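Letters A, B, ... are given to chains in the order of the sequence lines, protein chains preceding strands, and every chain is numbered from 1. Keep in mind it's a predicted model, so treat the numbers as computed, not measured. Values reported hereafter were calculated over all heavy atoms of this structure, with side chains retained and with hydrogens, waters and symmetry mates removed.
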Amino acid sequence: MKRGFPERLADFLLRYGVILAVVFLVVFFKYRTTAFWDLDNFLDILRASSILTIVALGVTFSVVVDGFDVSVGGVVGLVVMLVTALMVIWHVPWGFAVLTGLVAGALVGLLNSLLITRLRIPDLLATLGTLYLLQGTQLLITKGDAVYKGMTNPWSPDRAQATGAIPPDFLYFGQGYAWASAGFRGVPVPVLVMAVVAVLAWLFLDYTRFGRAMYAVGGNPEAARLAGIPVDRYRTAAYVISALLSALAGLVLAARLGSGTVGAGRDYLLDAVAATFVGFAVLAARRPNVWGTVLGAVFVGILLNGLTMMNLPFYVQDIVKGLVLIAALGLSYAIRGREGG
Amino acid sequence: MKRGFPERLADFLLRYGVILAVVFLVVFFKYRTTAFWDLDNFLDILRASSILTIVALGVTFSVVVDGFDVSVGGVVGLVVMLVTALMVIWHVPWGFAVLTGLVAGALVGLLNSLLITRLRIPDLLATLGTLYLLQGTQLLITKGDAVYKGMTNPWSPDRAQATGAIPPDFLYFGQGYAWASAGFRGVPVPVLVMAVVAVLAWLFLDYTRFGRAMYAVGGNPEAARLAGIPVDRYRTAAYVISALLSALAGLVLAARLGSGTVGAGRDYLLDAVAATFVGFAVLAARRPNVWGTVLGAVFVGILLNGLTMMNLPFYVQDIVKGLVLIAALGLSYAIRGREGG
Amino acid sequence: PEKFKDPKKIRIALVREVGEGSFFERYLAGAQSMADELGVTLLEATARGDMAKMITAMENFTRQRVDAIIVDHGRPDPLMPKIQEALARGIKVVTFDLVVDDDRVPEIEQDDLLIGYMISKKLAIDFAGRANVIYVNVGGFAPLDKRDKMWQVVKWRFPGLKEVAKIGAVTGSTAADTQTRMEAAMKEHPEANAVLAMWDEFAKGAVRAIVQAKKNAQFRVYSVDITNEDIQMMTQPESPWVATVGTDPYSVGRLAVRAAVAKVVGERVPKYLLVEPQLVTRSFLLKNHIQSMDDLVRALPALGESPLVWPDWMKAAVKK
Amino acid sequence: MEQGLVARGLGKRFPGVVALKGVDFELLPGRVHALVGANGAGKSTLIKILSGYYPSYQGEVWVDGRPVRLVRPDLAFRHGIEVVHQEVDTALVPGLSVAENLFLERLAGGGTGVWVSPRRLLGEAGAALERLGFALDPAARVEDLSLHQKQLLVIARAMLRELRYLILDEPTAALSLTEAERLLELVNRLRGQGIGVLYVTHRLAEVERIADQVTVLREGTRVAYWERPFALAAIVEAMLGAPPGAIFPPRRPEPGETILSARGLFRPPRVQGVDLTLRRGEVVALTGLAGAGKTELLRLLFGADRPEAGEIRLLGRPVRLASPTAAVRLGIYLVPEERRRQGLILDKPVRENLSLPFLKRFARFLGWLDRDAERGFAKQQIQRVRLSPPDPERPVRLLSGGNQQKVVVGRWLGGLPRVLLFDEPTQGVDVGAKRELYRLARESAKGAAVLWATAEIDEALGVADRVLVMRDGRVVAAFPTEEADRQRVLAYATGAEA
Ligand SMILES: Nc1ncnc2c1ncn2[C@@H]1O[C@H](COP(=O)(O)OP(=O)(O)OP(=O)(O)O)[C@@H](O)[C@H]1O
Ligand SMILES: Nc1ncnc2c1ncn2[C@@H]1O[C@H](COP(=O)(O)OP(=O)(O)OP(=O)(O)O)[C@@H](O)[C@H]1O
Ligand SMILES: [Mg+2]
Ligand SMILES: [Mg+2]
């Protein structure tokens, strides 16, 4: 049946609300600051958002199976400390340290899914418990100290100096550039990592039977089970992937920091959740989806970058962040509400 | 139908799993520490838990209407800064400052419910936006400084000293004792506040038609609507109550600190959520309930107190916290799972 | 000098690890006041303790080609590469409480090793070498680590000092959290008679716990850092908080800006700008009726405006 | 001015569909007015309008001569209109007790005070249920109830209000014989009290028994209206728009080899040791009252639950059905009892619901989905079950009850069934669709064994070659359909004969 202009406008806003908000921001900053509108700056924004994005994609997977993984921040922190400590304190070759980090992540994912599928603890609670666990464990590794070249080895009785170091090959993943050329600084490696992860996640969720099944599990577990889908196995997979992505984020962060700083990644949870659910609204997807999440994460990055350039105090930045978030979502959801009503 | 011993045991664990865990902890600490087993210490534990408990009860209300208020921590922080700043910087009489704090809380609650019921933004997201907003606002009040007697007034051009002070009458709510006697130090006022709040919340939720209606709204908004219950009004109420309780918690915290500490209350969210959902498991309630939440909150308090007495570093405390949480919940849910299976 | 013809054009960026609390508020206020007096532009970014944010801020300012960056706290390993980048682009860098092995980078330091030693020593002296100490500190933060080192040394020097309990956690509300833990620790260790808090946020919590438990007589609290808030608490009637060691963040902030500007205009600035920490005792505060940092600075000039980096043209500029 | 609930020119459109157009309709006090029509004809829509469910609709409604606009539920209540919706779950609040659900609108502030005493509430609820003769525990939590218990609860709730017009949307669909009987008596009683009852059903026998008038809807319009006495054939023809053929397809009992056999299946409380064998080419009916254990038995055969004892053999080889996944891989398929909760992912399009169990089949390298193959499959199944509307991309949420059922059945027919288990597949399905389902069952029986659980004895006798009767978790009788008759089956089911 034909529909008038208002409906079509509403529909438009519903689909493009968030995207509009982003575009508006970019244009706004372009004219209010000098350094914003610049390729390198955009790449820097992406680099600054890359870690959050990867974490948020992890959360997205957990939300796809109608769960909720709040332990992601903990995994990031754990991996940062673990990997750096392995290299600095115990002289483990970086490749091996990386492997250990990923394995640790996978194990956490398994723990989560065990608690959820076997012990039947609600997702939020189970992962919350894990989060506490991880927050403690990551500090236990160094007895609360940070990891840095020449630190005192917390485990040596005579507080000897740790003699290991973090090799450049490892740092490359956080600080290196690809395709550098005379005129062009190159693409930051973290951005590459993020891009690869996003594309893979997207293909997996939208174009493979596994992704389809995951969405089905999230949509109605009971029905999925009676349709012969191995529900628990898929939920396990989702949580392992979630933890693995967080671990990857942790690796990139460690490489970017070149040291293990205490409490790294503690603040990612809220932003990641925001990104994921903003993603719901993008293009009116109404379900967790990869590109929505990515946009949501970059969104936050752009804000931070632009506002800093405008030299606003950090607390004002939070206020603006909140306002923009609400505005963008209001735009999308208010209208859907109307439609649904 | 008659049921054998195993079922009855399972049933018992299902009902009393969490309570057992608490009892076990208490006994454990009684024998591993010298000072734990002592009336005053229990009162101190309660005092330490009182603020968290009040916040958690706020969260509980939001969960009762099947929502989720993550802005509570922000409200606490805002109120702490606002109320102290009013008294110290602007010489507002404490009664009036308290009033302002509560009003501010109520307004935040209204904002949340507007976003949720009018703009139809999902609870988690809406309150997340508010949280960012509040985190910024509370710092804006003092431009990032803490509030204390003799601070430099951040708003005066010549950085003049603020000459106001926080009167004892106000501090009483955080530091005073009631019914003190020769042999007995008295009951800390925060504990009283907590008790009153808990009892009121309990009566309201379980014994008034408003409370039951709230549960109905949470259980099945559609059915509630069909029964003629004004769903949106109840959800609004829930969020206002949630914010008001957080505001109250903020007041008590401010009185306890005797100054406006920056970032106060930032960490209550996770613990409050934990407490609320642990409450689900208590007595197999399978729904948010006042006493469950209280127990959940006190649980955390006991852990902190006992482990500190055993002189464990704080990161080990986090680990134990996580383990105990998982164990207690595993106990309750694993069994329900079986029953349900 | 040349470069100083048009101060407005000089853009100084201040990258801080933390921005909350009275110490950093006062530090920023100092920097701002100096910038205003000199008429230079001060840009500011705060990382809220998140190193990743901090280096992101470094990158942004580097790309914007500000004239100088003041790096406030933070950890060397992550920041070093960024500082090198900045220098490579001809941007001057000054650090505060951050060790960088690069002669081009002046380091302002409120010597945390010295601070740690002074306060530990003060405790040892006051108790004639034997005390049961509740030690409040956590690892993982550069300044706290340095102070801890000296406490270890002093303990080794005075075997009579017993560390009966170590508490402390850095959380959203450190003071409140420390208070709770202190309550427990006091009960478990009735023999304890001294508290050594390596950060004033810790001290506040400990002091509140003691006062509210009415154990003022039993304890003496030693701490680090000094702010208006701390002065207020120290001068309360029978406050257990007897001594603290610190510098005035206000003057440190001013010094940082001066150093940055000097570098920009090509003055040569010494590699190490040490801000002498001062011991401040409760009795001293009471004797001089000190109510605020400003009073304190008046009574204890060593704590006030640092004499460092004051070329004449700068004095002149400030005069105007 | 005339009495009764009168509607003129009722209409309702949804994006993409016109569910109802220009329907006239009246419901008189003391009369039972049956409303029948194929799935998707618009019955529920009409009812939802009268219940104030939709904020907007076309047409006018009069109650006892006064014009009213029923745009809010409470308006409907105020005029004494009570509705029992088709999907009971939408009307009940999980987490609350039966008693609280019973008195739900008191919580909305039905004059009663602020305080509610749980004990008193339980007392009143108990008494009320007693009066109505419903065996429900007022203290039980709604989420612990079974489908039919929920149904009873919703009906009970409607009864308790001082109602003048009662609207029942397929109330007996999920009920078993005895419960349905009790319900019909109830309806009669209400009619006696001068209450007007609008009765939606797909069981024409019930129309025959209790209706005074019948209105037939087809594709959203009113196509026929009769007063007693009715000619069922004519009704069916009006519903389908075509003369009805035989409801049940002809039997072709050609029992092949045994496909599935079970020995001593045991899972208390509801399955107390069951033996059975299913052979290729035959349709076996499993009947019995609600609570007899049909559903549970089927769940065991499908691996949805694990038996505590007993063995299952497929083609002679013992199999361990650890999960539905295993069963599906072996070609054992189940059409579950509650399609909305157990059968469908409501927000997903028909296509995805159809292909769900067989994604592997459309998966290429690395699990890459071949969308075209999938769409082709969906189209084919849609035709096979004659889904309406035949749109593979429509979210199943928007399909009418019967068509949702067709989606679930169509899904399995797309596989390679060895054993097909149907649990109450014709619940809430119109005669036309029923006939389709019977046909499909018979058709798939060519290559597979079919076990058809139903509480409707006539259906069992009609569709099956063999009838098994269950009672209290045991198969108490089994005989070829020729030798079976309604009375004997009922006798076994109720335990009159053992
Ligand atoms: N919310 C909706 N949005 C879009 N279409 C709808 C909606 N609700 C119902 N319909 C459509 O309206 C038509 C009538 O649906 P309705 O549920 O009234 O049929 P019905 O007669 O009750 O069928 P059944 O006997 O299966 O319950 C169907 O085609 C259905 O798909
Ligand atoms: N008397 C009862 N008490 C409690 N629950 C019952 C009772 N009768 C049936 N149920 C529940 O209702 C559902 C249907 O009954 P059940 O499956 O046990 O037997 P059935 O013969 O399959 O009945 P149905 O005709 O509903 O399929 C089951 O899930 C069962 O839990
Ligand atoms: Mg219907
Ligand atoms: Mg059944």
Side-chain angles (χ1 to χ4, degrees), chain A residues 68 70 74 111 115-122 124-126 128-141 143-144 262 269-271 273-274 276-278 280-281 313-338 340-341, chain B residues 68 70 74 111 115-122 124-126 128-144 269-271 273-274 276-278 280-281 313-338 340-341:
Chain A
F68 195 18
V70 299
L111 172 62
L115 297 177
I116 294 164
T117 61
R118 292 268 166 286
L119 298 193
R120 298 262 190 16
I121 303 178
L124 184 61
L125 266 183
L128 195 54
T130 321
L131 176 60
Y132 288 134
L133 217 59
L134 294 173
Q135 280 178 349
T137 319
Q138 62 182 278
L139 291 170
L140 182 62
I141 296 174
K143 300 194 177 165
V262 174
L269 177 59
L270 288 188
D271 285 351
V273 173
T276 305
F277 286 87
V278 167
F280 277 58
F314 62 101
Y315 43 85
V316 177
Q317 300 185 4
D318 261 354
I319 298 181
V320 177
K321 195 159 131 198
L323 288 177
V324 175
L325 187 66
I326 291 172
L329 294 172
L331 217 56
S332 325
Y333 283 96
I335 295 148
R336 167 184 324 177
R338 181 123 40 72
Chain B
F68 195 17
V70 300
L111 172 62
L115 297 176
I116 293 164
T117 60
R118 291 267 165 289
L119 297 193
R120 299 276 200 348
I121 303 179
L124 184 61
L125 266 183
L128 195 54
T130 321
L131 177 60
Y132 289 135
L133 218 59
L134 295 172
Q135 280 179 348
T137 320
Q138 63 180 281
L139 291 170
L140 180 61
I141 297 174
T142 57
K143 302 191 176 168
L269 176 59
L270 287 188
D271 285 352
V273 173
T276 304
F277 285 88
V278 168
F280 276 57
F314 68 101
Y315 45 86
V316 177
Q317 300 187 5
D318 264 348
I319 297 181
V320 177
K321 195 158 126 196
L323 288 177
V324 175
L325 186 65
I326 291 174
L329 294 171
L331 217 56
S332 325
Y333 284 97
I335 293 148
R336 164 177 334 164
R338 178 124 42 72

Structural part of [X] lying under 4.5 Å from a heavy atom of chain B:
X	answer
L140(A)	both
L131(A)	side chain
L325(A)	side chain

Problem - Greatest number of heavy atom pairs closer than 4.5 Å to chain B - which of P313(A), P122(A), A274(A) - result: P122(A)
Fill in the blank from the handout: If you tally heavy-atom pairs under 4.5 Å between each of Q135(A), K143(A), R118(A) and chain B, the highest tally belongs to K143(A)
So which part of [X] gets closer than 4.5 Å to some heavy atom of chain A, the side chain, the backbone, both or neither?
X	answer
L124(B)	side chain
L115(B)	side chain
I319(B)	both

Minimum heavy-atom distance between [X] and [Y], given as atom pair plus value:
X	Y	result
L125(B)	V278(A)	CD1-N, 4.1 Å
I116(B)	A126(B)	CG1-CB, 3.7 Å
L119(B)	G330(A)	CD1-CA, 4.0 Å

Problem - Rounded distance (nearest 0.5 Å) linking atom CZ of F68(A) with atom OG1 of T276(A) - result: 7.5 Å
Problem - side chain to side chain contact (heavy atoms under 4.5 Å, CB included) assessment of L139(B) paired with D318(A) - result: CA-CA 10 Å; L139(B) 291 170; D318(A) 261 354; 5.7 Å; no
Exercise for the section: Measure the shortest side-chain to side-chain distance between D271(B) and K321(B) over non-hydrogen atoms and say whether it is less than 4.5 angstrom. Expected result: yes
